[in-house]
Amino acid sequence: MQQHTVLEQQSPASTALALAMPSLKQPTLPLKAIVVRHNPRKYFDPAEMAEMVASVKETGVIQPIIVRVDEEDVFILVAGERRYRAAMIAHGEDYEIPISLSEIDEVQAKQRALIENVQRANMAPSEEAAAAAEQVGICKGDREEAARIIGWSLATLEARLALMNCSNAVLDALNTRKIKLGHGELLAALPKEIQDKLLPVIIKEDKSISEVRKTIEQVACSLTAAIFDKTDCAGCHHNSANQGEMFGESISTGNCTNRACYAGKTEKQLDSVVTGLRDEYPVVRIVRAGDNETRVQLAVDGPKGVGAKQAIACHACQNYGAAVSGLPDSLGKVYKGQCFDSVCNMKKVAARLQADKAASQPQEIQPKASTGSRTAPAKKAAAGAAGTSTPSTNPSVTTVSESDKIKTYRVAFWRKALRREVGRDPATARKYLIAIVLSGNARCIEENTFSGIWEKMTDERVPAKDVTKSAAAVQAAPDDTLDKAMSGIAVAAIEGLEVNYLTQLCKHHKLDLGLHWKLCKEFLELITKSEMMVVADELGLQAALGENFKKVFGKSKAEVIDALLAVEGFDYTGKLPKVLKY
């Protein structure tokens, strides 16, 4: 009974494990019950593994491996794969291996696996590079934060990430220690095709790092692969078509020997490509070696799809955009429809897959689960997919971003709508004017605005700062003009009212903004093309366009604007984008 009480205070995963093995001091699981999914270490030294297998045969596994329970109630290996492998070889899949259950999610599991492997000896630099790139992705591209978590200096992280541009053959050579880290770092600056040509020569002739550096510096700036205008390069004395002496014909190419000039022109061209995409996406980034995990192609369906509804929401997210390649093999290439929050994307995909699975299962009355039910994690996941779990730290973004331009447009729209309703109702205008003064906002009355209203009503311009002439003008005005003037003062007060007070007054008035707004070019020009997709969905324009929707958004921003404004017979009454609401 006491044991049952303790279990009730534990998490579902801990409870499931404790109920499965209630009498054990050190929890264990059979190897066949543990799934290996992710490990930064890909290469296991045969000699070291043989020693570990012999040790495990003799004494068994002493130090527990770390496992977690996923959403499907499966035990996943987090750390200790070498011990797991050795035990499998030595004792087979039924061997009960000691475990430590860690209640962490997939992202935390990857971080922990990386840190544990980095802290252990003999992890290949290429393996560290892949794991570090994944950590950079988890940190949304923040390399300093990634270095801090791993426990490296930023320089070490940058050096490892550079290896992510190595070809598979070069990475394999690093894993098996056929080449040194310095060789890999130098080769990473070249296109993979050239790397694969140079690698056999380096290995066969045992080329030193200094020898490789000298040759690579001569050929790295290929004019054939350059993405900038090479007109000025034709007669430049830095333009050389000399072949690399060390490797003969294998890397023969015209190249620029002025690396600083070449790099400067390349960066300028990349920046130009980025600038040309700013109108289409909330974020546009140049991606370089090591940024592999900072972005993922947004998909609707399939094993990596987030679902149609979520995909529309993602288009307005500030982490959605385009990537411009700064990598040698794809320099200047543009990848559109990218999500730059890989962790959020992973969670959205998981939620969609769980929701699809739950929807496909027959709805049956399930028996009540006991306190220690092994199905608890799976049920928890299903509840999350249905929207009943704790709110996500990465909620869906379903509106246009509130940029400074949008905020300015929105406030101006609020003022115009409220002025329009107040200005045509003298009784309301008088009441609001008195309320504005009573609230201490008398100074917000815009003098120029009211002077313009007075001049329009009377065709008379009264000089500013002249009380005598102002008094005479008011004295001579008929009563109906003075009544209209009161409304004009209220309008002028609304024009100068601070935003927080303006919002309060709009809410008090129960201002229906949908009666005062219609999609216009001015608004569309303030947002990106991807945000226009969200607006089109909110307003119902996507449904109105039907099959032409994708075709429309395949055009330039200017053409998309024209197409959205040209939808015939569309009723905008009461329709308003969420970003414009107060």
Side-chain angles (χ1 to χ4, degrees), residues 6-7 9-45 48-49 51-53 55-56 59-124 127-128 130-132 134-135 137-139 146 148-152 293 343 346-347 350 372 374 376-378 380-381:
V6 172
L7 292 177
Q9 297 173 354
Q10 297 176 334
S11 68
S14 298
T15 303
L17 184 62
L19 286 175
M21 296 159 289
S23 62
L24 298 178
K25 293 182 179 180
Q26 172 62 59
T28 65
L29 279 175
L31 292 173
K32 62 185 178 184
I34 303 169
V35 176
V36 180
R37 284 185 184 167
H38 177 83
N39 189 350
R41 187 187 298 273
K42 306 302 179 186
Y43 175 75
F44 297 85
D45 184 89
E48 292 180 357
M49 281 301 300
E51 291 179 1
M52 180 168 282
V53 170
S55 173
V56 170
T59 62
V61 176
I62 304 301
Q63 183 181 3
I65 62 173
I66 301 173
V67 299
R68 71 181 183 92
V69 179
D70 72 357
E71 296 83 359
E72 300 296 327
D73 200 26
V74 175
F75 290 99
I76 309 297
L77 180 67
V78 174
E81 185 174 351
R82 294 173 75 243
R83 280 162 280 161
Y84 173 91
R85 287 178 175 232
M88 186 69 79
I89 295 171
H91 300 293
E93 64 178 13
D94 292 322
Y95 176 73
E96 293 280 342
I97 191 169
I99 65 128
S100 174
L101 185 67
S102 181
E103 298 206 14
I104 54 179
D105 60 22
E106 185 176 354
V107 173
Q108 294 168 322
K110 289 179 179 180
Q111 289 178 326
R112 188 160 183 173
L114 168 60
I115 293 170
E116 171 157 320
N117 276 285
V118 166
Q119 291 173 349
R120 293 178 182 271
N122 298 326
M123 186 176 179
E127 294 172 336
E128 291 179 339
E134 193 166 49
Q135 183 59 54
I138 292 173
C139 294
R148 185 192 66 79
I149 291 173
I150 298 172
W152 287 346
E293 304 290 340
V343 174
M346 179 176 66
K347 292 179 178 179
R374 281 284 303 273
K380 183 178 180 181

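Taking each heavy atom of Y95 and G60 in turn, the nearest pair found is OH-CA, 3.5 Å. Closest non-hydrogen pair, G92 versus L31, comes out as O-CD1, 3.2 Å. The two atoms that bring V53 and A90 nearest to each other are O-CB, 4.0 Å, heavy atoms only. The two residues P64 and R83 come nearest to each other via the heavy atoms O-NH1, 2.7 Å. The two residues I97 and A87 have their closest heavy-atom pair at CD1-CB, 4.4 Å.
Atom CG of L101 and atom CD1 of I65 lie 11.0 Å apart (nearest 0.5 Å). The line from CD1 of I99 to OG1 of T28 is 7.5 Å long, rounded to the nearest 0.5 Å. Residue Q135 holds its CD atom at 4.5 Å from CD1 of I149, rounded to the nearest 0.5 Å. In this structure, the separation between CD1 on I34 and CZ on F75 is 8.5 Å, given to the nearest 0.5 Å.
Taking the ring pair (Phe, Tyr, Trp, His ring centres under 6.0 Å) definition, one finds that Y84 meets it with nothing, sequence neighbours left out. Remark: S55 engages no residue in a side-chain hydrogen bond (donor to acceptor under 3.5 Å, both in side chains) (not counting sequence neighbours).
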